[in-house]
Structures are given as C-alpha cells and as structure tokens.
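Structure record follows, encoded as structure tokens.
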Protein chains: 2
Amino acid sequence: MRIMGIDPGIAIVGFGIVDHEGSRLKAVHYGSIQTKAELSTPQRLKHIYDQCTELIHTYKPTVVAVEKLFFNRNVTTAFTVGQARGVIVLAAAEAGVEMTEYTPLQVKQAVVGYGQAEKHQIQQMVKMLLALPETPKPDDVADALGVAICEAHSSKLARQVHSADGRNGGRVT
Amino acid sequence: MRIMGIDPGIAIVGFGIVDHEGSRLKAVHYGSIQTKAELSTPQRLKHIYDQCTELIHTYKPTVVAVEKLFFNRNVTTAFTVGQARGVIVLAAAEAGVEMTEYTPLQVKQAVVGYGQAEKHQIQQMVKMLLALPETPKPDDVADALGVAICEAHSSKLARQVHSADGRNGGRVT
C-alpha cells in the first residue's frame, strides 16, 4: 500500500509518499510544491494541480490522505487553503485515487500518541518512524508525512477489525 | 466581448453567460451546476470542474468573472466554498481564459446602483437589464448574471478611461 500524505496551502503544499507493508513504513519521496506570491491565484492553483497530478501519475499512490483545515484559523485563511485543497482533491479524483482526510488532532495522536503534541515532537517522531537522515523541511513536509503515517495506522486498524466498514476515520464522504 | 459570471458553491454553482457589445447586454445562456449531497466531496468537485470546463469550451467566454466570498460567512462555509472556487478558477486557467472577481457589494452597486440592495432587487434588475422573460432561479443564477453585468460595467469603465491599467476593480492578482 502506497500512501501520499498532503498538507495543503496556496504558497506551500507539503507532500510525503510512504510505502506501508505490514508494520513497516518507508518514505519513498517527500518535498513541497511551492508557488511564488507574484503569480496570480489562477496560476498558483494551476501549478499546484499540475504538480499534484504529476506526482500521482509518477508514484501511483493507493490513497491520497489530506490534512483537514485547522478550524481555529480565520475565514480568509480557510478560503485560501480551501481553494488549494479543491484542486488537490480534484487531481486525486481525476486520477481515480481514493481520498481520506485527517484533522491535525488525529495526526498528532497517530504520530506522537497524544493530541497536544508540539510541532517539533511531530517532526522528531516522523523522522524516527521513517528513519530519515534529518528532519524534513519546511514544516509542511513533516506534516504531510505525518498525515501519511496517520493513514497507515488507520488502515492497519481497519484491517485488524476485519471490516472495511470499520474504517470510519478518514473516509471522505 | 463574452462574459461568464459565476456564483460558486459546493451544492449549487450559478452561471450566466452574457454578450456585451457597446452598451448592449445579451444573456446567451444561464443556469446552475448542481451536485447531490450524497456524492463525496471529490466527486462533487470533479463534477463542478468538468461542467465548468465544458461550458467554457462550448461558449468560449473572453473573461470568467467570479463572485468573491462573503467575508461574514463562517470558517467552514469559507473552506467549502473555497474548494469549489478553486476548481472553477482552475477550469478557467486551464482554458487560458482571463479571470476577474467582484465582491457582493461591487455587484450590488453595478446592478442596482447601491450597495445595500436586497436580493429581490438584484433579481429584478438582472431580469430587466437582460430583458429576461422571468427571474432566473435559483438565486445563484441571478447572482451569477449579476456578476457578469458587474464585469461588463467595469470593463466599459476601463475603456472610457483609455487605460487597461485603470481597471483596478476585478483583476485577480
């Protein structure tokens, strides 16, 4: 099973592609899609969409797991991140890849073990769990890998209860 | 000049295609793209994207004018509308069509003449200005036609000041 975790944004989209076999996790590729502030919104969204589409076609993930909005952010941020997320979700849908979503709380619980974890704790655990040589930068990349790990744990749990329907965590409806 | 006005949303996207020659406005086609609530978000976004792309390819607008967010809406609404808007903006960008955006205030001022106008006043003015047989339904369609009328007025104004740079209203940066 290959998971592509994504932390959406208009300036930086973090992505992390992780292979998941049994209890083993392996980072295949990770990084960020960045768009320059001097580009127009349509240009930025097109760049994000094109890059996501290319990553999906190249790495052929089984599932794309996307971080859900921080609901404490403001309306303008929500709207801007929403636009970026829209084209990412579209890229997955066009490629016929299943999509799941997780809140930051779910990611923290899956990666660190408790929901109040600090950012640097997530980064350290991501580095450790995937045996990376160093902490991935920018933060959005570590977050994206965290979402992929969360998806791996969630789908493992689902298999343990021997029911695809038992997987109520991240399915996007 | 052919303008495609859009009022974005996840359940209903209103659209209105208006030809603009001199001071004459003519409604070419208008209606709504609707997505069922039982579809997943990826499916709804893909439907909106596909339908927008088809409309753009069929009617070949010179410009796509999109209504800006109501900033008094809540974070969840902003995020949801943002996602829909993202794939609409992408459809225009992929087709190489210029995009502009207008706030509800700008639309009211352009269509009715003052910013505090009620919804039914916009609908009546849209019907009158475009000589429609009846008020377009649902509201989102009248709103989309209102955005197209706003774009027509704005671009006419720009020509009157003999400067493309004088057009600071709607250009999306």
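Just so it is clear: chains get the letters A, B, ... in the order the sequence lines come, proteins before strands, and each one is counted from 1. What's counted below: heavy atoms across the whole structure, side chains too, no hydrogens, waters or symmetry copies. In this text, all values refer to a predicted model and were calculated from it rather than measured experimentally.
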- Item | Cluster link A:Tyr49 to A:Val97, ILVMFWY, side chain under 4.5 Å | yes
- Can you get from B:Met125 to B:Leu132 by hopping between Ile, Leu, Val, Met, Phe, Trp and Tyr side chains that sit under 4.5 Å apart? yes
- Can you name the salt bridge (Lys or Arg N to Asp or Glu O under 4.0 Å) partners of B:Lys46, sequence neighbours left out? A:Glu94, B:Asp50
- Task: Kindly compute the distance separating OG1 (B:Thr80) from CZ (A:Phe79), expressed to the nearest 0.5 Å.
- Result: 11.0 Å
- Query: In Å and rounded to the nearest 0.5 Å, what is the CD to CG distance from A:Gln83 to B:Leu90?
  - Reply: 11.0 Å
- Message: Which heavy atom of B:Leu45 sits nearest to which heavy atom of A:Val89, and what is that distance?
- Response: CD1-CG1, 3.7 Å
- Task: Return the set of residues passing ring-ring contact (aromatic ring centres under 6.0 Å, His included) with B:His29 (not counting sequence neighbours), or none when no residue passes.
- Result: B:Phe15, B:Tyr59
